[in-house]
Amino acid sequence: METNQNSIVIFTDGACTGNPGPGGWASIVALPDGMIHELGGDNRETTNNRMEMAAAIRALAMLENPECKIILYTDSTYLIRGITQWIWGWRNRGWKNAEGGDVANRDLWEELLRQVTRLKPATIDWKYVRGHAGYPGNERCDEIAVSFAKSKPEPLYVGPLDGYFVDLTDLPEEADLPEPKKAGASKSGGQSSGSGKGSGSGAKGGGGTPTYLSYIGGIVTRHKTWPECEKVVKGRNAKFKKAKSAQEEQEILRSWGLDPQTAIQ
């Protein structure tokens with residue numbers, strides 16, 4: 001796994017019912033020593049953007065003197081653009097946006113910047129992941145965040161990678177940030193939400209249609225689409241992964257400790 005000795009891998013997500021309304025945030029932190037920490041929390045009156053930011057802040061806040069690169073995956077373009085592009089202009093203008101208005105969520109932006117500064121010289125690589133595209137780390141964060149938003153929090157896992165039921169070896173493919181939404185599209189106080197949460201993704205470059213394997217109760221099942229697979233694995237102690245070819249399906253079976261010729265339903 002990419003985390004071993006080389007990097008800290010973090011997945012984050014936020015959810016909100018109503019926007020504004022009850023919200024939840026979630027993070028998964030995979031440390032180089034093989035320990036996994038799931039984090040989650042809620043706010044009864046908030047926005048999706050604030051929950052996305054809270055997830056990143058809380059994940060970074062638990063790190064102490066990291067000696068390796070930090071890779072943070074999020075489906076929030078608002079979060080990525082804010083911390084890598086917009087924040088410097090906001091700060092230089094006294095926390096005013098380009099139109100001269102107050103920057104939305106200033107309190108969280110200042111805290112996020114404080115955490116980023118605190119962790120230096122460690123660098124943070126902010127990576128965009130398409131939401132609801134079947135990547136286990138992102139899907140698990142979504143599940144936790146939604147559960148907290150609904151006041152039915154998922155139990156949070158803290159323990160070794162070997163005992164974790166989420167396949168964090170299935171890291172998202174590199175993806176460009178979607179184009180920013182037009183101004184005024186957001187309900188959260190002056191900035192476009194830009195969460196970029198799509199409904200799935202196809203295979204790149206190969207022309208083939210990806211499949212999704214699930215492994216529950218000793219049974220491996222092939223699903224044609226991610227929504228189909230999601231219905232089966234959501235809320236269950238299941239393994240799942242996207243495959244682009246028959247050969248990749250066999251590799252997934254091996255990674256799950258199964259014979260590559262295991263029957264797939």
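The figures here come from the full heavy-atom set of this structure, side chains too, leaving out hydrogens, waters and symmetry mates.
Annotation: the span from Tyr135 atom OH to Glu173 atom CD amounts to 4.0 Å, rounded to 0.5 Å. Annotation: the span from Tyr128 atom OH to Arg130 atom CZ amounts to 7.0 Å, rounded to 0.5 Å. Note that OG of Ser27 and CZ of Arg140 are 12.5 Å apart. Values are rounded to the nearest 0.5 Å. If you take CD on Gln250 and CG on Leu213, they are separated by 11.0 Å, rounding to the nearest 0.5 Å. Atom CD1 in Ile36 sits 4.5 Å away from atom CG in Leu161 (nearest 0.5 Å). Atom CD1 of Ile70 and atom CH2 of Trp126 lie 9.0 Å apart (nearest 0.5 Å).
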Self-check item: Pair Ile216-Thr221, side chain to side chain contact (heavy atoms under 4.5 Å, CB included): steps then yes or no
Solution: CA-CA 8 Å; Ile216 308 173; Thr221 305; over 6 Å; no

Quiz item: When you look at Asn105 and Tyr78, which way does the side-chain hydrogen bond (donor to acceptor under 3.5 Å, both in side chains) test go after all the steps?
Solution: CA-CA 11 Å; Asn105 306 314; Tyr78 173 72; 2.8 Å; yes

Practice problem: List the steps and the verdict of side chain to side chain contact (heavy atoms under 4.5 Å, CB included) for Ile264 and Leu253. | Solution: CA-CA 10 Å; Ile264 302 176; Leu253 294 176; 4.3 Å; yes

Exercise. In sequence, state the C-alpha distance, the side-chain angles, and the governing distance for Arg50 and Asn43, and then conclude on side chain to side chain contact (heavy atoms under 4.5 Å, CB included).
Key: CA-CA 10 Å; Arg50 289 185 68 83; Asn43 189 303; 5.9 Å; no

Self-check item: Verdict with reasoning, Lys242 to Thr211, per side chain to side chain contact (heavy atoms under 4.5 Å, CB included)
Solution: CA-CA 6 Å; Lys242 179 168 68 175; Thr211 59; over 6 Å; no

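A distance-only check finds no donor-acceptor pair linking the side chain of Arg106 to the backbone of Trp90 [under 3.5 Å]. Judged by distance alone, with hydrogens and angles left aside, the side-chain atoms of Thr74 form a donor-acceptor pair with the main-chain N or O of Ser76 at under 3.5 Å. Side-chain atoms of Asp142 do not come within 3.5 Å of backbone N or O of Asn138 as any donor-acceptor pair. A distance-only check finds a donor-acceptor pair linking the side chain of Thr17 to the backbone of Pro22 [under 3.5 Å]. Of the possible polar contacts, none joining the Glu154 side chain to the Ile144 backbone as a donor-acceptor pair under 3.5 Å is found.
Looking only at side-chain heavy atoms (C-beta outward), Met62 and Gln115 stay at 4.5 Å or farther from each other. Ile252 is not listed as a side-chain neighbour of Val220, based on a closest heavy-atom distance of 4.5 Å or more. Between Arg91 and Leu113 there is a side-chain heavy-atom pair separated by less than 4.5 Å.
Considering all non-hydrogen atoms of both residues, Ala59 and Leu39 come closest at CA-CD1, 3.9 Å. Taking each heavy atom of Asp33 and Met35 in turn, the nearest pair found is OD1-N, 3.0 Å. For Gly137 against Val166, the heavy-atom pair with the smallest separation is N-CG1, 4.1 Å. Residues Pro153 and Ser151 approach most closely at CD-C, 3.4 Å, considering heavy atoms. The minimum heavy-atom distance between Thr46 and Cys16, with the atom names listed, is O-SG, 3.4 Å. The two atoms that bring Val103 and Asn97 nearest to each other are CG2-N, 3.7 Å, heavy atoms only.
Following chains of ILVMFWY side-chain contacts shorter than 4.5 Å, one can reach Trp95 starting from Ile83, so the two form part of one hydrophobic cluster. Note on Ile80: it clusters hydrophobically with Ile8, by side-chain heavy-atom contacts below 4.5 Å among ILVMFWY residues. In the hydrophobic clustering of ILVMFWY residues, with side-chain heavy atoms under 4.5 Å counting as a link, Leu63 and Leu79 come out together. Hydrophobic clustering, with ILVMFWY side chains joined whenever heavy atoms are under 4.5 angstrom apart, groups Tyr157 together with Val9. If you chain together hydrophobic residues whose side chains sit under 4.5 Å apart, Leu108 and Trp88 fall into the same group.
Glu38 and Tyr164 are linked by a side-chain donor-acceptor pair at a separation below 3.5 angstrom, with hydrogens and angles left out of the test.
Partners of Phe148 under the ring pair (Phe, Tyr, Trp, His ring centres under 6.0 Å) rule, at least two apart in sequence or in another chain, do not exist in this structure.
Under the 30°/60° scheme for interplanar angles, the aromatic rings of Phe11 and Tyr73 are found to lie parallel.
Counting heavy-atom neighbours within 6.0 Å of Glu67 CD, excluding the residue itself, gives a total of 12 or less.
Shown are Glu230, Lys241, His223; of these, the side-chain hydrogen bond (donor to acceptor under 3.5 Å, both in side chains) with Ser214 is made only by His223.
For the pair Asp170 and Lys239, the salt-bridge criterion is not met [side-chain N within less than 4.0 Å of a carboxylate O].
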